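All values reported here derive from a predicted model rather than from experimental measurement. Values below: every heavy atom of this structure, side chains too, minus hydrogens, waters and symmetry copies. Numbers here are sequence positions counted from 1. Every number for a ligand or one of its atoms is a count from 1 in the order of the listing.
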Amino acid sequence: MDFQKEIEIYFRSRFTLIVVVSFEEERIVEGIKQVCEQLNRQLLTWDHADFFQSVTKNIVAPSGIKDPLSALETIEKLEGDTVFILRDFHQCWHQQPKIIRKLRNLAQKLKFTKKTIVVTTPLSQLPEELKDDAVLLDFRPPDVKELDVILTRLISTPGVKVNLTTQGREKLLHAALGLSSNQAQRVFAKAIVSGGPLDDRKIDMVNAEKKQIIRESGALEFFAPSETMNDVGGLEVLKEWLRTREQAFGNEARDYGLPSPKGIALIGIPGTGKSLTAKTIAGLWRLPLIRLDVGALFGGLVGQSEENTRRALNLAETVSPCLLWIDEIEKGLSTGGGDGGTSLRVFGSILSWMQEKTKPVFVVATANNISHLPPELLRKGRFDEIFFLDLPTLQERKEIFEVHLRKRKRVVAEYDIDKLAKAAEGYVGAEIEQVIIDAMYLAFSDKENPGRDFSNSDVLEALKKQVPLSRSQSEAILALRSWLTEGRAQSASFNEKQQAQEQFVQIEISKN
Ligand SMILES: Nc1ncnc2c1ncn2[C@@H]1O[C@H](COP(=O)(O)OP(=O)(O)O)[C@@H](O)[C@H]1O
Ligand SMILES: [Mg+2]
């Protein structure tokens with residue numbers, strides 16, 4: 001629902017205290033002004049610097065009311081159907097507890113009038129005492145339609161040269177999604193004045209600007225991964241799950257009545273390809289990938305962390321459909337430990353957002369360690385599926401060797417993959433990759449024949465030198481494996497038997 005409709009409903013149903021969260025005060029005032037004109041109400045604003053000001057023509061602002069308490073008293077006394085916007089009023093209630101008490105009293109009293117108080121604030125953190133009396137409203141960044149209005153206004157300026165195709169214009173507007181109207185205006189303006197007409201080539205520029213702005217906002221980062229499914233060895237069950245949902249965010253799936261997938265959790269031993277897989281989904285589904293850095297959510301002032309979380313999740317919704325990748329989700333929790341419950345609250349808000357979100361944001365959460373995770377995170381229904389990435393099977397190790405040999409432009413047939421994969425039992429993908437790099441160093445620095453190519457025996461030697469995590473930390477890994485195999489998660493791989501069978505079938509087919 002759009003902001004004006006929502007606020008109109010609140011006005012009509014006599015909500016007396018509404019807190020609107022946003023930096024975009026001007027747009028809020030403008031939106032409320034239009035609603036007031038429709039409903040034939042008067043609109044006044046009050047702030048610390050300019051005191052009362054009238055916005056609609058049908059009212060004269062009371063003058064000289066300088067302190068917030070007198071402002072509230074004036075609101076109580078004034079006659080008429082009036083909406084009062086108190087700008088940045090959170091500053092006042094942070095300074096004086098009396099203000100909160102007065103606001104609560106007013107919220108009750110105004111129920112018998114047609115007066116409404118709207119507080120604008122960039123913080124979504126309401127004082128405990130106000131939670132029952134106030135409704136909290138999020139003011140979202142402009143959608144494509146509103147961005148179109150901004151763009152149209154800018155390019156109708158005399159002298160501006162525009163050469164956009166219909167598609168290009170669409171893309172340009174989409175590129176600006178997630179920005180506030182001021183930011184969008186600035187970015188469009190920059191694209192217009194930066195040499196040459198405004199044409200399709202400027203789309204990249206708007207995209208780049210947005211990435212910059214989103215990065216500045218802290219916890220979110222745009223990713224342009226180059227990895228594809230072919231870079232992932234094994235994990236067939238997981239890959240198949242992802243392939244089946246390739247079209248899940250398209251219009252056809254929606255028309256068919258399919259709900260868009262909510263998300264998956266990838267849990268398992270470090271180095272098994274969780275982050276790698278997360279990155280490949282974006283390419284497979286052709287969706288933008290945004291990484292949420294949980295650690296970066298925690299910040300300074302009281303309430304700041306929750307605020308950051310809320311803003312980040314809102315931003316993700318605005319650019320949806322997209323993938324929201326929360327890597328090593330347990331890290332945020334442990335760094336946030338001993339902080340008076342902030343980390344748990346931040347987590348709580350991510351969890352309830354995941355449950356309630358209506359926008360197509362697909363969450364990919366990864367974790368190496370489940371012992372710090374709150375059990376409710378992994379409750380059934382939270383994610384579409386929880387995948388467990390175990391030590392790779394023999395067949396998977398073969399594939400991983402092949403992936404990394406190919407990556408280093410070596411001819412796979414020149415290596416005894418079977419032998420190498422058998423020798424690499426207990427090694428995960430990241431370790432196998434490292435072993436190949438070590439083997440390359442061994443060969444490259446060979447005393448007798450420096451720079452020779454590396455061979456099977458170099459790889460075998462490198463394998464012997466590296467102790468895999470499954471051996472050096474066998475207990476921790478055993479604990480994780482047993483936790484996960486107790487039916488809490490689905491294996492991302494076929495088991496050895498299934499794999500052997502698959503191979504057999506493939507051989508049979510190729511024989512025929
Ligand atoms: N299944 C795999 N197939 C191919 N390469 C892998 C695999 N698993 C890990 N790797 C290699 O190890 C690197 C690190 O793996 P990563 O995905 O970061 O592990 P995790 O996130 O599970 O700890 C990857 O970038 C990739 O090069
Ligand atoms: Mg990782």
Side chain, backbone, both or neither: Asp231 near ligand 1, heavy atoms under 4.0 Å: backbone

Ion pair present between Glu433 and Arg408, side-chain N to carboxylate O less than 4.0 angstrom? yes

Who gets closest to atom 8 (N) of ligand 1 by heavy atom: Ala492, Ala367, Gly273, Ser275? Gly273

Using distance alone, with no hydrogens and no angle criterion, decide if Glu328 and Asn368 have a side-chain donor and acceptor under 3.5 Å apart. yes

Give the contacting part of Leu276 toward ligand 1: side chain, backbone, both or neither, where contact means a heavy-atom distance below 4.0 Å. both

Salt bridge or not between Asp200 and Arg169? Use side-chain N to carboxylate O under 4.0 Å. no

Nearest non-hydrogen protein atom, atom 1 (N) of ligand 1: Gly233 O, 3.0 Å

Using salt bridge (Lys or Arg N to Asp or Glu O under 4.0 Å), reason through Glu209 and Lys190 one step at a time and then give a plain yes or no. CA-CA 10 Å; Glu209 289 282 325; Lys190 194 166 167 189; 2.6 Å; yes

Sub-4.0 Å atoms of ligand 1 with respect to non-hydrogen atoms of Lys274: 17 (O), 19 (O), 20 (P), 21 (O), 22 (O), 23 (O)

contact_flag His404 ligand 1 heavy-atom lt 4.0 Å: yes

Out of Val237, Leu235, Thr393, which residue meets the side-chain contact (heavy atoms from CB on, under 4.5 Å) rule with Phe494? Val237

Whether Thr366 lies under 4.0 Å from ligand 1, heavy atom: no

Within the 4.0 Å heavy-atom cut-off, what Glu399 brings close to ligand 1 is neither

Of all the heavy atoms in Gly234, does at least one lie under 4.0 Å from an atom in ligand 1? no

Atoms of ligand 1 under 4.0 Å from any heavy atom of Ala430, numbered from 1 in the order shown, are 9 (C), 10 (N), 11 (C), 12 (O), 14 (C)

Identify, for atom 9 (C) of ligand 1, the protein heavy atom at the shortest distance, and state residue, atom and that distance. Gly271 O, 3.2 Å

Would you mind listing which atoms of ligand 1 come within a distance below 4.0 Å of any non-hydrogen atom of Pro270? 23 (O)

Under 6.0 Å between ring centres, would you say that holds for Tyr427 and Phe401? no

Would you say Asn368 reaches the Mg ion (ligand 2) with an N/O/S atom under 2.8 Å? no

Indicate yes or no: does Lys465 engage Asp438 in a salt bridge with an N to O separation below 4.0 Å. no

Nitrogen or oxygen of Val232 less than 3.5 angstrom from that of ligand 1: no

Under a 4.0 Å threshold between the charged nitrogen and the carboxylate oxygen, would Asp458 count as salt-bridged to Arg452? yes

Ile400 N/O to ligand 1 N/O under 3.5 Å: no

Salt bridge check: are Asp418 and Lys398 linked by an N-O gap of less than 4.0 Å? yes

Quick test of your reading of the model: are Glu146 and Arg27 salt-bridged, counting only N-O distances below 4.0 Å? yes

In ligand 1, the atoms that come under 4.0 Å of a heavy atom of Glu433 are 11 (C), 12 (O), 13 (C), 26 (C), 27 (O)

